[in-house]
Amino acid sequence: MQENCCADSGCQCHSGRTCMAKVPIFSSLSPEEMSTIAEIITDKEYKKGESIYLSGDTGKRLYVINQGKVKIFRISEAGKEQIIRILYPGDFMGELSLFAHSPVNSSAEALEPTMVCVIDGDKLSQIMKEVPSIAIKIIEELSKRLLNAENLIESLGLHDVEQRVADTLLKMAEDQDEITLTITKKDLAAHMGMSQETLSRKLTQFQDMGWIKQVGRKTIQILDRKSLLDIANLD
């Protein structure tokens with residue numbers, strides 16, 4: 001991991017401004033306020049598979065992804081990984097540490113070479129008192145993530161494997177007929193709460209039924225959306 005900081009408090013970190021430009025929570029800042037936050041940003045680079053933080057860490061920091069891709073996950077008592085979400089450039093993590101004085105309960109790992117802008121939590125908390133709109137936007141994002149987490153819990157608890165796979169494919173496809181995977185099938189399976197082998201079997205089954213077509217490792221074509229919808233909407 002490499003670390004690059006501004007050498008003095010008066011400099012402006014170019015990458016810090018790049019991070020802020022990508023994140024909606026900073027969109028209402030004035031140029032002066034952006035300069036203030038840019039001074040408390042540290043750049044860190046992570047290799048593929050390298051941990052950014054681990055469950056139980058107590059550091060108070062906000063992490064903004066500048067380049068790359070990160071997975072947020074938890075490990076069960078049985079040692080099974082559950083991916084909570086995948087983050088891309090412009091996304092942020094560690095926001096709970098700004099409001100709660102408790103260790104983080106999830107881990108973050110780079111899925112590819114990744115550059116992260118790290119913002120000192122104590123200093124950002126002070127700035128939020130002066131610019132409340134930042135705190136409001138962070139809370140709005142927390143609300144969205146809470147809703148997504150509740151939907152994930154409901155899916156894992158109430159839906160069988162076929163429903164989860166069909167529902168996930170439809171959400172990833174949106175209104176398109178082709179999906180390009182941005183994560184491995186292993187990580188996709190972990191996000192859906194199943195093994196990679198189970199996911200592969202279900203995708204093969206769906207393909208044999210004529211509902212989808214797998215093209216290489218990263219592409220899935222939707223051939224029969226109605227059948228997938230019928231499976232996803234089963235009670």
Can you measure from CD1 (I40) to SG (C117) and round to the nearest 0.5 angstrom? 11.5 Å
Considering residues at least two apart in sequence or located in another chain, which fulfil the side chain to side chain contact (heavy atoms under 4.5 Å, CB included) criterion with D122? K60, D120
Y53 meets the ring pair (Phe, Tyr, Trp, His ring centres under 6.0 Å) criterion, sequence neighbours left out, with Y63
Looking only at non-hydrogen atoms, find the nearest pair between I231 and Q163 and report the distance. O-CG, 3.2 Å
Which atom of T114 lies closest to which atom of V116, heavy atoms considered: CG2-CG2, 3.8 Å
Determine whether L111 and Y88 fall in the same hydrophobic cluster, where Ile, Leu, Val, Met, Phe, Trp and Tyr are linked whenever their side-chain heavy atoms lie under 4.5 Å apart. yes
For M93 versus I52, what's the shortest heavy-atom pair and its separation? CE-CD1, 3.8 Å
So if you build clusters from Ile, Leu, Val, Met, Phe, Trp, Tyr with side-chain heavy-atom gaps below 4.5 Å, do I183 and L181 land together? yes
Looking at NZ of K44 and CZ of R61, how far apart are the two atoms once the value is rounded to the nearest 0.5 Å? 5.5 Å
To the nearest 0.5 Å, how far apart are CD in E109 and CD1 in I83? 9.0 Å
Nearest 0.5 Å, please: how far is CG in L169 from CD1 in I179? 4.5 Å
Check I119 against V64 and note the closest heavy-atom contact, atom names and distance. CD1-CG2, 4.2 Å
Donor-acceptor pair, side chain of D167 and main chain of R164, under 3.5 angstrom: no
Backbone N or O of P103 within a donor-acceptor pair of the T58 side chain at under 3.5 Å? no
Tell me which pairs pass salt bridge (Lys or Arg N to Asp or Glu O under 4.0 Å) where either residue lies in residues 191-220, with sequence neighbours left out. E162-K202
I need the K185 NZ to I220 CD1 distance, nearest 0.5 Å. 5.5 Å
Give the table of side-chain donor-acceptor pairs shorter than 3.5 Å for residues 67-75, with sequence neighbours excluded, one pair per line with atom names and distance.
unit_1, atom_1, unit_2, atom_2, d
K69, NZ, T182, O, 2.0
K71, NZ, E81, OE1, 3.3
K71, NZ, E81, OE2, 3.1
K71, NZ, D187, OD1, 3.4
R74, NE, N105, O, 3.2
R74, NH2, N105, OD1, 3.3

Do you know which two heavy atoms are closest between Q82 and M192, and how far apart they sit? NE2-N, 4.5 Å
Qualifying ring-ring contact (aromatic ring centres under 6.0 Å, His included) pairs with a residue from residues 113-142, counting only residues at least two apart or across chains: none
For a quick test of reading the model, state the closest non-hydrogen atom pair linking S195 to T198 and the distance between them. OG-OG1, 2.9 Å
CD1/I65 to CG/L87 distance, rounded to the nearest 0.5 angstrom? 4.5 Å
List the atom pairs, with distances to 0.1 Å, where a side-chain N or O of residues 221-229 and a protein N or O form a donor-acceptor pair under 3.5 Å, not counting sequence neighbours.
unit_1, atom_1, unit_2, atom_2, d
Q221, NE2, E178, OE1, 3.4
D224, OD1, K226, N, 3.4
D224, OD1, S227, N, 3.1
D224, OD1, S227, OG, 3.3
D224, OD2, S227, OG, 2.8
R225, NH1, E174, O, 3.0
R225, NH2, Q176, O, 2.4
R225, NH2, D177, OD1, 3.3
K226, NZ, D230, OD2, 3.1
S227, OG, W211, NE1, 3.4

side-chain contact (heavy atoms from CB on, under 4.5 Å) between L188 and M172, worked out: CA-CA 11 Å; L188 179 60; M172 292 174 68; 4.0 Å; yes
